[in-house]
Asks: 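Mind having a look at this structure? Questions to follow.
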Amino acid sequence: MSKPPRFDLILVLLFTVIALASNSVTATPITQQFKEAPQFYNSPDCAVLVDEDESDGEASILCSDQAVHVAMTLDTAYIRGSMAAILSVLQHSSCPQNIAFHFVASATANATFLRATISSSFPYLNFRVYPFDDSSVSRLISTSIRSALDCPLNYARSYLANLLPPCVRRVVYLDSDLVLVDDIAKLAATPLGDDSVLAAPEHCNANFTTYFTPTFWSNPSLSLTFANRKACYFNTGVMVIDLDRWREGDYTTKIEEWMELQKRIRIYELGSLPPFLLVFAGNIVPVDHRWNQHGLGGDNFRGLCRDLHPGPVSLLHWSGKGKPWARLDANRPCPLDALWAPYDLLETPFALDS
């Protein structure tokens, strides 16, 4: 006959199960820790935007027409990418102290944590965090081919003109999954002509019709949307936007009208991009492709490795499903992920002193 299990062992196992169950309820998630970035200084020929003795210097830069204004969304899921993007912007800028960052975060997010995370790594950064009411757009969002694209914050770029103060007249919008290897001031200075609202790299060799459903193209009144417009695909992760012209033309409402139609008749499959194309495609100022080497995250389903497009590179963009930090953590990086890694500020938990 086999020996019965020891009673004391059973008690140990029982208390272990209870303890684990208790910890699973009360434990708080471990937050990522980031290193402090070096401070970056203006070159001698940069404009002096504020006197050092001016008490409200930060506010002045955040409203200055001479500053380069950068807008990005901010959340815990992509914070690691955001930190790398910020570092890359500052590191390659000739006038980093003249850059003002405008971060948009969900109104339900822990803004204090997000603000503290940015400040601890970039103590001298000129920035402000703006709350975005998810409910203002969530009612308009239709499901797309990838759930990450349905996050309300992904639509915040359509509301920048409302969220940022009126004194901010022009902004460079950047996604969180990219790094710059050139001076952002060059991109920010893109001429917008007499009436264009935004500028972005166009890709006219892409099959534009695939961004909309057969229902859209078979409806004469809808397909005529692009009549007399040389409509080309452009990626909305990198844009130069004239916010004054956007406000005057009430383009947020125009985008929302297409989203409302999408709720009634499914005319596209891909998140926040198609409404931008419907409103702006064919009417934007084209920017050199070097400013958005996009698609490095692969397609929206498998996230396979991609190569660079031919030509020079000023900005690398991991749009698509695969993100460099996730692939590096999984020890399954794509070759180009090595170009993102030097900007990663994540504090490794078991770093050894040299």
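All residue numbers refer to positions in the sequence shown, counting from 1.
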Asks: I want to check something: taking the side chain as every heavy atom from C-beta on, are N126 and I99 in contact at a cut-off of under 4.5 Å?
Replies: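 When only atoms from C-beta onward are counted, I99 and N126 do not touch, as no gap falls below 4.5 Å.
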
Asks: For T209 versus W217, what's the shortest heavy-atom pair and its separation?
Replies: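 Scanning both residues completely, I find the closest heavy atoms to be O-NE1, 2.9 Å.
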
Asks: Does the separation of the ring centres of Y130 and F132 fall below 6.0 angstrom?
Replies: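 Between Y130 and F132, the centre distance exceeds or equals 6.0 Å.
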
Asks: Is the ring centre of Y124 less than 6.0 Å from the ring centre of F40?
Replies: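 Ring-ring flag for Y124/F40: false, centres at least 6.0 Å apart.
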
Asks: Which residue pairs pass the side-chain hydrogen bond (donor to acceptor under 3.5 Å, both in side chains) test when at least one of the two sits in residues 303-313, sequence neighbours left out?
Replies: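 Listed by first then second residue: nothing to list.
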
Asks: Judged by atom type as modelled, is there a donor-acceptor pair below 3.5 Å linking the side chain of S196 to the main-chain atoms of G193?
Replies: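 No, the answer is negative, given that no donor and acceptor are paired below the 3.5 Å cut-off.
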
Asks: Is the shortest distance from a Lys or Arg side-chain nitrogen in D299 or K321 to a carboxylate oxygen in the other one below 4.0 Å?
Replies: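 The answer is no: the pair does not qualify as a salt bridge.
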
Asks: Do the side chains of M259 and V137 get nearer than 4.5 Å, heavy atoms only?
Replies: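 With C-beta onward as the side chain, the pair touches.
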
Asks: Answer whether the closest heavy-atom distance between the side chains of I184 and V70 falls below 4.5 Å.
Replies: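 Yes, their side chains come closer than 4.5 Å.
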
Asks: Give me each pair satisfying salt bridge (Lys or Arg N to Asp or Glu O under 4.0 Å) with a member in residues 185-202, each pair once, sequence neighbours excluded.
Replies: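 Residue pairs passing salt bridge (Lys or Arg N to Asp or Glu O under 4.0 Å), neighbours aside: D182-K186.
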
Asks: Going by heavy atoms in the side chains, are M239 and F234 under 4.5 Å from each other?
Replies: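 Counting from C-beta outward, M239 and F234 do come under 4.5 Å.
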
Asks: Tell me if the CZ atom of R332 is crowded by more than 12 foreign heavy atoms within 6.0 Å.
Replies: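 At most 12 heavy atoms, drawn from other residues, nucleotides or ligands, come within 6.0 Å of this atom.
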
Asks: Looking only at heavy atoms, what is the nearest atom pair of P165 and R247, with distance?
Replies: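 Looks like O-NH2, 3.3 Å.
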
Asks: With distance as the sole criterion, is a donor-acceptor pair present between the side chains of R157 and T236 under 3.5 Å?
Replies: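 Note: R157 and T236 side chains meet the donor-acceptor criterion.
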
Asks: Return yes if a side-chain donor-acceptor contact under 3.5 Å exists between D250 and T253, otherwise no.
Replies: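 Present: a donor and an acceptor within the cut-off.
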
Asks: Determine, step by step, whether D242 and R169 satisfy the salt bridge (Lys or Arg N to Asp or Glu O under 4.0 Å) criterion, reporting the C-alpha distance in whole Å, the side-chain angles of both residues, the deciding distance to 0.1 Å, and the verdict.
Replies: CA-CA 6 Å; D242 186 313; R169 304 174 61 188; over 6 Å; no

Asks: With sequence neighbours excluded, what pairs up with D329 under the salt bridge (charged side-chain N to carboxylate O under 4.0 Å, His left out) test?
Replies: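 Partners of D329 by the salt bridge (charged side-chain N to carboxylate O under 4.0 Å, His left out) criterion, ordered by chain and then number, come out as R80.
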
Asks: With a 4.5 Å heavy-atom cut-off, do V313 and R290 have their side chains touching?
Replies: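 Not in contact.
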
Asks: For T190 versus R170, what's the shortest heavy-atom pair and its separation?
Replies: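 Minimum heavy-atom contact is O-NH1, 2.8 Å.
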
Asks: State which residues pass salt bridge (charged side-chain N to carboxylate O under 4.0 Å, His left out) with D183; sequence neighbours excluded, sorted by chain then number.
Replies: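 Result, salt bridge (charged side-chain N to carboxylate O under 4.0 Å, His left out) vs D183: none returned.
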
Asks: Taking the six-membered ring for Trp, are the ring centroids of F276 and W258 within less than 6.0 Å of each other?
Replies: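 Ring-ring flag for F276/W258: false, centres at least 6.0 Å apart.
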
Asks: Mind listing the closest non-hydrogen atom pair of W291 and P201 along with its distance?
Replies: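 Minimum heavy-atom contact is C-CG, 4.2 Å.
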
Asks: Would you mind telling me which of V168, V197, L198, L163 makes a side chain to side chain contact (heavy atoms under 4.5 Å, CB included) with L243?
Replies: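 The side chain to side chain contact (heavy atoms under 4.5 Å, CB included) with L243 is passed solely by V168 among V168, V197, L198, L163.
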
Asks: With a sphere of 6.0 Å drawn around CG of N207, does it hold more than 12 non-hydrogen atoms of other residues, nucleotides or ligands?
Replies: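 Yes, enclosed.
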
Asks: Pairing donors with acceptors under 3.5 angstrom, does anything connect the side chains of E256 and Y159?
Replies: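 Yes.
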
Asks: Please report the closest heavy-atom contact between L153 and S106, naming both atoms and the distance.
Replies: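 For L153 versus S106, the nearest heavy atoms are CD1-N, 3.9 Å.
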
Asks: If you look only at distance, which donor and acceptor atoms sit under 3.5 Å apart when one is on a side chain in residues 173-181 and the other is two or more places apart or in another chain?
Replies:
| from | atom 1 | to | atom 2 | distance (Å) |
| --- | --- | --- | --- | --- |
| Y173 | OH | D175 | OD1 | 3.0 |
| D175 | OD2 | H317 | NE2 | 3.4 |
| S176 | OG | T73 | O | 3.4 |
| S176 | OG | S82 | OG | 3.0 |
| D177 | OD1 | H317 | NE2 | 2.9 |
| D177 | OD2 | K323 | NZ | 2.6 |

Asks: Find out whether E260 and R139 are in side-chain contact, i.e. whether some heavy atom of one side chain is under 4.5 Å from a heavy atom of the other.
Replies: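 SC-SC contact between E260 and R139 confirmed.
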
Asks: For K263, I'd like to know if atom NZ has over 12 heavy atoms of other residues, nucleotides or ligands within 6.0 Å.
Replies: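 Enclosed: over 12 neighbouring heavy atoms sit under 6.0 Å from NZ of K263.
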
Asks: Do F212 and F226 have ring centroids that are under 6.0 Å from one another?
Replies: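 For F226 and F212, the ring centres are under 6.0 Å apart.
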
Asks: Taking the side chain as every heavy atom from C-beta outward, state whether Q66 and N98 have any pair of such atoms under 4.5 Å apart.
Replies: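 The answer is no; the side chains never approach within 4.5 Å.
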
Asks: Any non-hydrogen side-chain atom of I118 less than 4.5 Å from a side-chain atom of I86?
Replies: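 They are in contact (side-chain heavy atoms under 4.5 Å apart), so the answer is yes.
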
Asks: Quick one: salt bridge (Lys or Arg N to Asp or Glu O under 4.0 Å) pairs with a partner in residues 88-113, sequence neighbours left out?
Replies: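 Of all non-adjacent pairs touching residues 88-113, none passes salt bridge (Lys or Arg N to Asp or Glu O under 4.0 Å).
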
